[in-house]
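When a ligand or atom number is given, it counts from 1 through the structure's own listing order.
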Amino acid sequence: MAKTFHRRHFNQAIAASSLIGSTLGGTRLLAEENQNAESDQSNRRTAIGANVAATVHPIASNAAWKTYRDGGNAVDAAIAAALCLGVVDGHNSGLGGGCLMLIRTQGGAIHAIDGRETAPAAASEKMYLRNGKPVAELSQTGSLACAVPSQIAALKLAHDKLGTLQWASLFEPAIEAAENGYAIGIATHTAISSERENLSNYEASKAVLLKPDGSVPKIGEVLRQPDLAKTLKNIAKYGPGWFYAGDFAKAAIEYLDQYSGILTLQDFGNYKAIERTAVRTHYRGNQVIGFPAPSSGGIHIAQMLNMLETFDVANIYTNSKAEFFHLLAECMKRAFADRAHWLGDSDFVDVPKFLVDPLYAARLARQIRLDKASSNIAHGIEEANADKKHTTHLATADAKGNWVALTSTVNTTWGCKVMIPGTGVMLNNQMDDFSISPGVPNAFGLVGSANNAIAANKRPLSSMSPSIVLSEDGTPRLSCGAAGGPKIINATLQNIVRCIDLNQPIDTAIASARVHQQWRPDIVYHEPNLGGLRQPLNENGNGRNEVTEQLSKLGHPLKVSSSLAIAQGIQMISRGLLAATDPRTDGKAIAS
Ligand code: DON
């Protein structure tokens with residue numbers, strides 16, 4: 001029987017997380033039976049059971065629950081939930097975007113399914129230059145920002161290999177949500193409000209997401225998406241061919257052409273999800289499985305864990321929380337310097353293997369001083385002997401031992417803001433994840449090198465980091481992942497470190513305040529109440545507590561941020577599987 005406990009407000013959760021050593025040991029949080037997961041739309045932060053799922057929206061989590069009820073496995077549940085999120089959380093992910101899917105099967109196999117968008121064949125390094133100057137707006141909004149959508153190809157590949165229920169049946173909850181509508185929550189309302197102007201430039205985006213007078217629908221109003229329901233029905237019935245070579249591709253090209261788009265029918269027809277070899281690293285007696293290029297997540301999480309393994313992290317945390325966060329920030333800085341220089345689509349550039357070599361990490365770790373922030377960090381080389389939210393992460397795992405960590409995105413809020421009329425599909429703006437020009441930061445402030453330059457049919461570098469941790473004998477222990485651009489990498493790192501080094505349950509790890517350092521700019525972003533200590537407010541809302549005071553003394557420029565990434569996770573515990581959603585948003589964990 002599934003056990004759950006109610007949502008707590010984020011700040012309470014952060015404060016609580018440092019007090020509650022273990023949710024499972026201490027159980028100071030209330031538990032109750034999850035009698036009717038399917039119809040229950042309330043928010044539940046955790047659930048324990050044999051088959052579990054955690055997503056950012058109750059309707060999507062309930063879709064996973066229904067899938068388990070119908071005999072489906074974790075792969076089926078992840079697909080049904082991802083399709084639903086595209087309807088009820090469409091500013092983050094959907095059919096117009098892409099995803100990375102990491103799967104551990106009941107037989108112990110690992111599948112890393114790369115459903116990353118690709119640049120059109122006509123894309124080039126100069127496509128965002130006007131009068132020789134980069135125009136970032138072009139890679140973020142409108143027809144040129146869009147790469148070939150790829151989510152559905154990845155979901156189909158996963159289903160063909162590992163799904164057990166009928167493909168069409170997995171679409172039912174999503175179709176129902178699109179047809180009958182869902183009550184607009186704070187996330188959708190905020191996403192529409194923040195992009196109202198851009199959305200109103202495109203007829204379908206405007207007609208579907210805004211009211212006839214151009215205003216933003218209120219929280220609680222029902223959003224129906226009949227065109228999206230039709231699209232989902234067609235893909236359910238005819239498969240991805242309808243999307244890539246049929247009516248959808250034709251409608252998309254015809255519409256984008258009106259806005260000088262460069263995508264072609266061939267671009268759509270050529271798209272393929274690719275199976276990659278996962279990144280494997282060892283951390284304190286565990287195997288950490290991460291996503292390889294074109295994601296930077298798996299590589300840099302491995303690199304940072306390798307650095308951290310040379311420190312007694314648990315002891316450092318016990319003695320000084322400031323030193324713990326300082327150490328994390330120093331590892332992040334070095335990893336992101338390497339990311340900016342070395343990373344790109346491995347089908348186009350050589351992503352060096354030394355980045356995940358423990359000897360290289362040890363060399364970087366030796367440069368870290370625990371009493372001082374370092375400056376002038378540059379990317380490493382091999383030695384001869386050496387406040388925006390978009391994207392979504394969901395986690396499922398079943399009684400048989402199938403685990404799925406799936407991160408899906410249209411990139412920034414509502415992608416490129418262009419919805420294809422008659423289809424309900426909002427297109428991504430994943431082209432902005434390329435380095436549009438050397439040294440020019442993208443929407444996340446990330447800079448890149450030639451390795452992540454635009455090229456025809458290339459996949460832009462990603463930070464998405466679906467991760468699965470196994471014991472050395474291969475037993476699954478933990479899965480983590482997040483939304484939040486580059487913050488994904490660091491949030492996932494912190495959740496792994498908290499579970500492994502600090503022995504925290506995944507829900508405590510997820511709720512705890514985080515830090516984020518991405519090399520450029522040289523700032524340690526931190527959430528309020530870092531280290532579980534109340535942060536007094538000054539007139540800028542940015543007072544210091546003992547931990548941030550010490551971080552500042554160590555030499556870190558600091559900036560408070562109300563939320564650094566939204567994470568979901570699953571952990572194997574003695575009573576079954578524990579699924580947890582992030583208290584920073586209104587998600588839900590289910591169990592059956
Ligand atoms: O793949 C990436 O790294 C980005 N497109 C992810 C975007 C994201 O997480 C947005 N969330 N704030």
Visitor: For S449 and H341, does a side-chain donor sit closer than 3.5 Å to a side-chain acceptor?
Guide: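 No pair is found: no donor N or O on one side chain lies under 3.5 Å from an acceptor on the other.
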Visitor: Is a salt bridge present between K458 and D347, judged by a nitrogen-to-oxygen distance below 4.0 Å?
Guide: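 Here K458 does not pair with D347 in a salt bridge, since their nearest N and O are not under 4.0 Å apart.
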Visitor: Tell me which part of R116 gets within contact of ligand 1: side chain, backbone, both or neither, using heavy atoms under 4.0 Å.
Guide: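 Only the side chain of R116 comes within reach of ligand 1.
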Visitor: Near M464, which atoms of ligand 1 are under 4.0 Å from a heavy atom of that residue?
Guide: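 Those of ligand 1 that fall under 4.0 Å from M464 are 1 (O), 3 (O).
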Visitor: Run D432 and S139 through side-chain hydrogen bond (donor to acceptor under 3.5 Å, both in side chains) and show every step you take.
Guide: CA-CA 5 Å; D432 192 58; S139 64; 2.7 Å; yes
Visitor: Suppose I only count heavy atoms of N411 and a 4.0 Å limit; which atoms of ligand 1 are within that range?
Guide: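 Every atom of ligand 1 under 4.0 Å from some heavy atom of N411: 4 (C), 5 (N), 7 (C), 10 (C).
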Visitor: Tell me whether G485 has any N or O atom under 3.5 angstrom from an N or O of ligand 1.
Guide: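 Yes, since at least one N or O of G485 sits under 3.5 Å from an N or O of ligand 1.
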Visitor: Which residues pass the side-chain contact (heavy atoms from CB on, under 4.5 Å) test with S194, sequence neighbours left out?
Guide: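 For S194 the side-chain contact (heavy atoms from CB on, under 4.5 Å) partners, ignoring immediate neighbours, are T413.
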Visitor: Do you see a donor-acceptor pair shorter than 3.5 Å between the side chains of S296 and R339?
Guide: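 Judged by distance alone, the side chains do pair up.
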Visitor: Is there a nitrogen or oxygen of G484 sitting under 3.5 Å from a nitrogen or oxygen of ligand 1?
Guide: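 N/O-N/O distance under 3.5 Å: yes.
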Visitor: What part of I488 sits under 4.0 Å from ligand 1 if we count only heavy atoms: the side chain, the backbone, both or neither?
Guide: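 Within the 4.0 Å criterion, I488 contacts ligand 1 through side-chain atoms alone.
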Visitor: For residues W414 and Y202, establish whether the separation of their ring centroids is below 6.0 Å.
Guide: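 That pair fails the under 6.0 Å test.
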Visitor: Going by the atom numbers of ligand 1, which of them fall below 4.0 Å from some non-hydrogen atom of S463?
Guide: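 In order of numbering, the contacting atoms are 1 (O), 2 (C), 3 (O).
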Visitor: Taking salt bridge (Lys or Arg N to Asp or Glu O under 4.0 Å) as the test, write out the residues that go with E275, two or more places apart.
Guide: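 Once residues adjacent in sequence are excluded, the partners of E275 under the salt bridge (Lys or Arg N to Asp or Glu O under 4.0 Å) criterion are K161.
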Visitor: For ligand 1, which atoms, with element, lie under 4.0 Å from some heavy atom of T391?
Guide: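 Going through ligand 1 atom by atom, the ones under 4.0 Å from T391 are 6 (C), 7 (C), 8 (C), 9 (O), 10 (C), 11 (N).
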Visitor: Relative to ligand 1, is K487 under 4.0 angstrom through side chain, backbone, both or neither, heavy atoms considered?
Guide: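 Looking at K487 and ligand 1, no heavy atom falls under 4.0 Å.
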